[in-house]
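Since the model is a prediction, treat every value here as computed from it, not as a measurement.
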Amino acid sequence: MKNYLSIELKHFAANKKNKAVFIILIFLGIYYALVDVKNYLPIEHIDEQVMVVDYQNRQKFLENTVINEDSHFSTIYFWETFPKWNKYEEERISFLNKKDYRNYARVSKDYYLYSDKIISESPVPDLMYNRKYYNNRNYFGGQDGHYGYLKTASIYGGYVKGAFPVTKNTINEKTALQSFYRASRNILPIIITFSVMFLMVDHYYLARRHSSIVDFYPISNRIKIFSQLVLGVMSGILSVLMFLPSFLIIGFKYGFGSLDYPVAIYQGNFLNNGNFDRINLCEYFQIFFILLFLWIILVTSSVLLLNYIFKQLFVTIVASTALILLEFLYNRRGIGVSDRYLYFPSSYIRIGEVIDGFRSFFYGNQHLIYQKGLLILVAVNIVILMMLIGLSFKKKI
Amino acid sequence: MNLFNNLRAIMERKYVVFIFSAVIFFFLFIFFSLPKNEEDSFLYNEINHQTDNLYVALTLLEDVDITKPLSSEAAQVVKNIVEQQALLARQKRTILFDEQEQFIDASIALAEVRRHLYNLEEYKIVYPYIISKNENELNQAFYRQLKIGKHQVYWHKNNLVILVIFFCTVLGQIWFIFSSLVTADILVEEARHLSVIQGYPRPFWNRIMAKVLKYIYHVCLLIVLLIMASFFLSFWIDSGSLNYPVAVYLNGYRTIPFWSYVILFSLYSLVLGVFASLLSILFNSLTKNTFISFFCSSILFTLPFLFPEVQGKTGMMLTDYLNFIPISQGEYANSQYIQVNILSSFIVMLGCIAVLLFIQKRYLKIDFIRKMRKAG
């Protein structure tokens, strides 16, 4: 098997297309590091100007308002809630001026919890979450704001307790590990599965070109298939490694961050009234890489199966693209109310969003969690591998 | 005719798969887009979104005192938004009570009110929350035509006309990448049958053109099949009027009937497909690899997503012309050098095709194939 694998590796390394895939991956990573990370700011970033303006507005309201029997109930509500809100805001500004980010995180946590409480319980819709939640004509701004405030409070709570330095870049989610986490939520798994698909897709044709070597190699078909699966996993690992230069660029620019950083995990509940738990980035990446590994096996084995059955490059590309991107057909808010979407493997392609619970929130289904994704991916993998083993009993595949 | 007879000899299964997958995608799309309950109206949801956003836009201007005389522009913006809110509420009511004429009147009035907003200086504050000027003009043309032609408004996604329009928007996005995937090995594949080409009693150039013609033939077949599929679907789903207006940018904002929109869309897709196949020939002869030439086309396609600020500004970029939908909706109508509209895009695309044909006729020799075979 070792010799056979070395022949395959030789083909793999000599293929011009594979070099092109790796070069494209490196360029995408560098684009992400230089352009996307530079432009990115989370909605709850540090913006002192906004804080000061909000504080002054509320203070003006408190100074100019007189409460008596005829006052409107909303005015009374604001008059009762604003002093505490402003106290938090004042402390935030003062800690920001001292550049004491850990204490800033501590106060901000209370600030976000309190803001969410008074906004969601407000008797009139005049109190709103941060306006960026409503941008691009987002109808669900209120829900997103509720989710975002509780998530931010949970993460800031992690910053207070952690044994790592808290800097401005940490809070603005710009360090290398946080950027990697952000990419791994949605776009990175799609890119890696696609690159594995493109790396493995013409394997069959290369084997056919040298068929006298491949067919008469003294080795059973099952071991041939197994060695191709190993090659698929190796190509997946190589594709992940291609993002190392961009990781280093971000790290030297904004700092590498720490693996103890908190990740907020949404625990879904009825009518999206969930709450947040915390794990750290190290645990998150463990789960992420396990799911990514299962996806790589799934893509490789389905590419092999399609190649052996249809012997047609175009079919393989279209069908495996459909396997990966099927979610875009039904990717709508609240669609998870009907349970059948839980059983498509493509619902779990945005691995990070599945792990941190955003998919569960977006679909409106509390059962869409990574444990379920693990089960479904393993089940689909077993089915496809069984089919491959069945094929291997043929004399010539 | 001899040429076409010989085409059968080089027939592959690839095109069967191409047509099959496109038709399956059509059925899947229709299945997923059909509303799950009867009261699910896409127009009502859209109006709901707009109402909510106007509310946010008003909070941005909460410092403005409208009790003073309306001298400042910010106060005028506030007044305008309040008027829009009233009209949107009227639209919602008319959808709920199924009053077609009142709905059209309210929509025309709403477009008229919005039109004043875009000239104001303070519009910059609220622009993410209000539909763009371009969209508004299209809406106005559309509702005016509905009123003149006495059409019914379709506010549910339950008839084929609306579903096909939505399908065209999706297919237009991916058409270029799809056709460059199909034609990616158009020249590389010839290296496999070198002896056939050398012994073929026609010039090499004719053979390449025959392959492009074959692609055109299959695209036409696909279009016919899709029309037939919609015909059969119309036994189950309400078909709707074929004269239903569709708003486009065609020397100004105007509407064309649904059937001519479909014809325009198909023609542009055909031209784009030919362009993609000629581009594949060029990339194939340069890179001598199927996948790398497909990656080159994909890079051309993804550039505007990576650098959105260059898209549609000058009209000189090739990437402005790869998607029919923004062109037909006049999104790049204010481009600097060449005005990007349907007509100019046709001309630019045909010009590009002519240039590519000239280059390839002049420089494409059978030696390329021999070298390709050596390169493996």
Side-chain angles (χ1 to χ4, degrees), chain A residues 11 14-21 23-24 27-28 31-32 35-36 53 57 60 125-142 194 198-199 201-202 205-206 209 310-319 321-322 325-326 328-333 335 337-338 341, chain B residues 12-18 20-22 24-25 28-29 31-33 36 45-60 62-63 127-132 170 174 177-178 181-185 189 192 287-296 298-299 302 306-307 375-376:
Chain A
H11 279 309
N15 200 337
K16 258 204 291 184
K17 173 211 64 182
N18 295 355
K19 291 171 199 162
V21 170
I23 288 171
I24 288 176
F27 270 101
L28 278 179
Y31 171 85
Y32 180 76
V35 182
D36 199 81
V53 170
N57 279 345
K60 223 190 284 173
D126 292 272
L127 278 184
M128 297 185 114
Y129 292 98
N130 191 331
R131 279 174 201 117
K132 284 184 183 150
Y133 287 112
Y134 304 85
N135 264 10
N136 300 325
R137 299 194 252 151
N138 182 9
Y139 178 51
F140 300 96
F194 256 104
F198 273 116
L199 290 171
V201 74
D202 67 339
Y205 302 92
L206 292 177
R209 196 178 292 169
F310 293 105
K311 299 184 171 57
Q312 179 74 40
L313 195 70
F314 189 69
V315 181
T316 314
I317 293 179
V318 170
T321 308
L325 294 186
L326 186 69
F328 282 83
L329 260 184
Y330 60 86
N331 180 22
R332 262 169 292 166
R333 201 162 185 132
I335 201 162
V337 174
S338 65
Y341 297 102
Chain B
E12 318 144 53
R13 278 189 292 173
K14 184 174 76 179
Y15 285 106
V16 182
V17 179
F18 161 62
F20 191 66
S21 54
I24 286 211
F25 178 64
L28 271 182
F29 182 84
F31 172 72
F32 278 114
S33 314
K36 297 294 175 281
N45 291 341
E46 215 176 284
I47 291 165
N48 239 345
H49 290 201
Q50 292 175 14
T51 318
D52 234 53
N53 288 310
L54 285 185
Y55 202 83
V56 183
L58 269 187
T59 63
L60 289 175
E62 60 197 359
D63 293 344
Y127 83 95
Y129 304 98
I130 290 172
I131 70 171
S132 64
V170 176
I174 56 171
I177 203 91
F178 200 50
L181 178 63
V182 178
T183 57
D185 61 346
E189 192 216 27
R192 283 191 214 142
T287 62
K288 302 181 180 59
N289 191 310
T290 314
F291 286 96
I292 298 179
S293 57
F294 171 61
F295 292 152
C296 288
S298 327
I299 287 168
T302 37
L306 298 183
F307 302 100

(message) Less than 4.5 Å to any heavy atom of chain A: does that hold for the side chain of B/Asn48, its backbone, both, or neither?
(response) both
(request) Give, as side chain, backbone, both or neither, the part of B/Thr302 having an atom under 4.5 angstrom from any heavy atom of chain A. (result) neither
(message) Counting neighbours of OH on B/Tyr127 that are heavy atoms of other residues, nucleotides or ligands and sit closer than 6.0 Å, is the number greater than 12?
(response) no
(request) Classify the ring geometry between A/Phe314 and B/Phe178 as parallel (under 30°), tilted (30 to 60°) or perpendicular (over 60°). (result) tilted
(request) Measure distances from B/Val170 to the heavy atoms of chain A and classify the residue's part below 4.5 Å as side chain, backbone, both or neither. (result) neither
Tell me which donor-acceptor pairs under 3.5 Å the side chains of residues 49-56 of chain B have, and how far apart each pair is, sequence neighbours excluded?
from, atom 1, to, atom 2, distance (Å)
B/Gln50, OE1, B/Arg114, NH2, 2.9
B/Thr51, OG1, B/Ile47, O, 2.7
B/Asn53, ND2, B/His49, O, 2.9

(request) Measure A/Tyr31 against the heavy atoms of chain B and call it side chain, backbone, both or neither at under 4.5 Å. (result) side chain
(request) Hey, can you tell me if B/Phe29 and B/Phe25 have their rings parallel, tilted or perpendicular (30° and 60° cut-offs)? (result) tilted
(message) At a 4.5 Å cut-off on heavy atoms, which part of B/Phe20 comes close to chain A: side chain, backbone, both, or neither?
(response) neither
(request) Select one option (side chain, backbone, both, neither) describing which atoms of A/Val318 are under 4.5 Å from chain B's heavy atoms. (result) side chain
(request) Please report the shortest heavy-atom distance between B/Phe294 and A/Phe198, naming the atom on each side. (result) CE2-CZ, 3.5 Å
(message) With a 4.5 angstrom heavy-atom cut-off, is it the side chain or the backbone of B/Leu58 that approaches chain A, or both, or neither?
(response) neither
(message) Please verify the inter-ring angle class for B/Phe295 with B/Phe291; under 30° counts as parallel, over 60° as perpendicular, anything in between as tilted.
(response) tilted
